[in-house]
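Proteins get letters first, then strands, A, B, ... in listed order; numbering begins at 1 in each.
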Protein chains: 2
Amino acid sequence: MDTWKKFDTNALTHSAAHHLFAIHELGAGYGGWARVSDIARQLGITRGSVSVSLRVLKARGLVTTDEHHMVRLSAQGQKIIENVAAKREAVRTFLREVLGLSVEQADADSCKIEHLISPQMAGRLVQFMKFLVSKESVKGDVLRQFRKFEGDCHGRSSCAVCQGNCLLAQLAKTEKVQEKKTLTDI
Amino acid sequence: MDTWKKFDTNALTHSAAHHLFAIHELGAGYGGWARVSDIARQLGITRGSVSVSLRVLKARGLVTTDEHHMVRLSAQGQKIIENVAAKREAVRTFLREVLGLSVEQADADSCKIEHLISPQMAGRLVQFMKFLVSKESVKGDVLRQFRKFEGDCHGRSSCAVCQGNCLLAQLAKTEKVQEKKTLTDI
DNA sequence: GGTTATTGTTTGACATGCCAAACAAACGCA
DNA sequence: TGCGTTTGTTTGGCATGTCAAACAATAACC
């Protein structure tokens, strides 16, 4: 139906999230204060773009400025970015420690989805990881076993995950298109 | 650095992915052919918007039209959408069957990230699920154990997942902001 | 003090993606 | 045949998010 249209009805756009992140990081050593120029440098965009974006973020009450053009997060902005940071950490850790992706790949993927995932998904993800390292989880053997796992359902319909249409085969198939057309991603 | 800017350098935007999906689904019963009106209805947008979007998708060689304005996916478009569909299924299944989210929540989350995740992440996710249902995974006990798991690290720095700054507590904390400010999501 | 950066803002431009409204062509039915 | 409906397109408008370029104000140096 219309589920897909809710894509951009999030509290934070990808851009806004990273503006707030930049202020958060840059301000860390300066009592929370950051400058437009540094934000721009950090994000790899122009000062003008930052200036415009900040106007919106100020209007939404997420950042404030003082008389010297210094920028900082509001209490609300602070809370929001801490939330996104928690989601980012949850996803990054999962991708690295559970799925075994490289640091670079984990960073790239988590960056794209960190601001989009629901509190429910993030919470369950964290809880799942806590379980995996807990005593209850078959003494932490799960991940070690997974590292050695080389299973392939070969398209068998008995596979509870793929049900005949092997997802791994499907993902591998279209990888070729990617190479041919030099798309950055599918 | 600039990792975050690659957000929109994907082969497919959220919008484009769902246009292709709509054509794919509508065409299923008609030899792959779909009409602009039906695509618009399916997506909940106007015919004009679809008309404009299709112009771009045609130029990129992802869809073709015949002399009666009928629309269908090109071979390339077909492959791309099958790939996204595989990613969607991987994520949806993981969110429902592993994390235990509701169908609605799983659909909402997977819809937002399906076109953004890397082939690597999708592949590992599928492989992980295959492992979880395999004989090697402690006889499939993992998920059953997880359902009963109620662990909480209480902010202990010994927690391998949270390391003192409990992610669950962090996520729960900002949930309140969400309620107060009636944001649709954080 | 004067010249030369550096900084933040404004402006016009472009791209994406949506809408509403106007329109012509084709269709349907009587 | 003719009238109303459906369909696809075009146009102008809005919002977001980027750039480059021009500008004023401040800072830094000699």
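For the ring-ring contact (aromatic ring centres under 6.0 Å, His included) test, residues two or more places apart in sequence or in another chain that qualify with A:F128 are B:F146. For B:H14, the ring-ring contact (aromatic ring centres under 6.0 Å, His included) partners at least two apart in sequence or on another chain are A:W4, A:F7, B:H18, B:H115. For A:T93, the side-chain contact (heavy atoms from CB on, under 4.5 Å) partners are A:E89, A:R96, A:E97, A:M129, not counting sequence neighbours. With sequence neighbours left out, A:T46 forms a side-chain contact (heavy atoms from CB on, under 4.5 Å) with A:S49. In this structure A:Q163 satisfies the side chain to side chain donor-acceptor pair (under 3.5 Å) test with no other residue, sequence neighbours excluded. Listed by chain and number, the residues in a salt bridge (Lys or Arg N to Asp or Glu O under 4.0 Å) with A:R88 are A:E114 (sequence neighbours excluded).
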Sequence neighbours left out, cut at 3.5 Å: what donor-acceptor pairs do the side chains of residues 31-38 of chain B make with other protein atoms?
from: B:R35; atom 1: NE; to: B:D38; atom 2: OD2; distance (Å): 3.2
from: B:D38; atom 1: OD1; to: B:R41; atom 2: NH2; distance (Å): 2.7

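Taking atom CG of residue A:L57 and atom C1' of nucleotide D:dT16, one finds them 12 Å apart after rounding to whole Å. With rounding to whole Å, A:L43 atom CG is found 12 Å from D:dT18 atom C1'. As a whole-Å value, the separation of B:D66 CG from D:dG8 P is 11 Å. Here C:dT7 presents its C1' atom at 10 Å from CG of A:D38, a figure rounded to the nearest Å. Atom P of nucleotide D:dT16 and atom CG of A:L54 are separated by 15 Å, given to the nearest angstrom. Atoms NE2 (B:H69) and P (C:dA24) sit 15 Å apart, rounded to a whole Å. Here the P atom of nucleotide D:dG17 and the CD1 atom of A:I39 are 15 Å apart, to the nearest Å. Here the P atom of nucleotide D:dA15 and the CG atom of A:N10 are 19 Å apart, to the nearest Å.
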Encode nucleotides 16-21 of chain C as B, S and - characters from 5' to 3', where the letter depends on protein heavy atoms closer than 4.0 Å: B to the base, S only to sugar-phosphate, - to neither.
-SSBS-
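Here the closest non-hydrogen pair linking A:C162 and B:V126 is SG-CG1, 4.5 Å.
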Write out a two-atom table: protein N or O, nucleotide N or O from nucleotides 13-15 of chain C, distance below 3.5 Å.
none

What protein N or O atoms touch nucleotides 22-27 of chain D N or O atoms at under 3.5 angstrom, if any, and at what distances?
none

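For A:R35 and C:dT6, the shortest distance from a side-chain N or O to OP1 or OP2 is not below 4.0 Å. At D:dT9, none of the side-chain N or O atoms of B:R55 fall inside 4.0 Å of OP1 or OP2 (strictly under the cut-off).
When only modelled atom types and interatomic distance are considered, B:K112 and A:N10 share a side-chain donor-acceptor pair under 3.5 Å.
Under a 4.5 Å side-chain heavy-atom criterion applied to ILVMFWY residues, the cluster that includes A:V103 comprises that residue alone.
Pairs of residues two or more places apart, or lying in two chains, never qualify as side-chain hydrogen bond (donor to acceptor under 3.5 Å, both in side chains) while including a residue from residues 64-73 of chain B.
Among the heavy atoms of the strands lying under 4.0 Å from A:S51 is at least one base atom, whether or not backbone atoms are also near.
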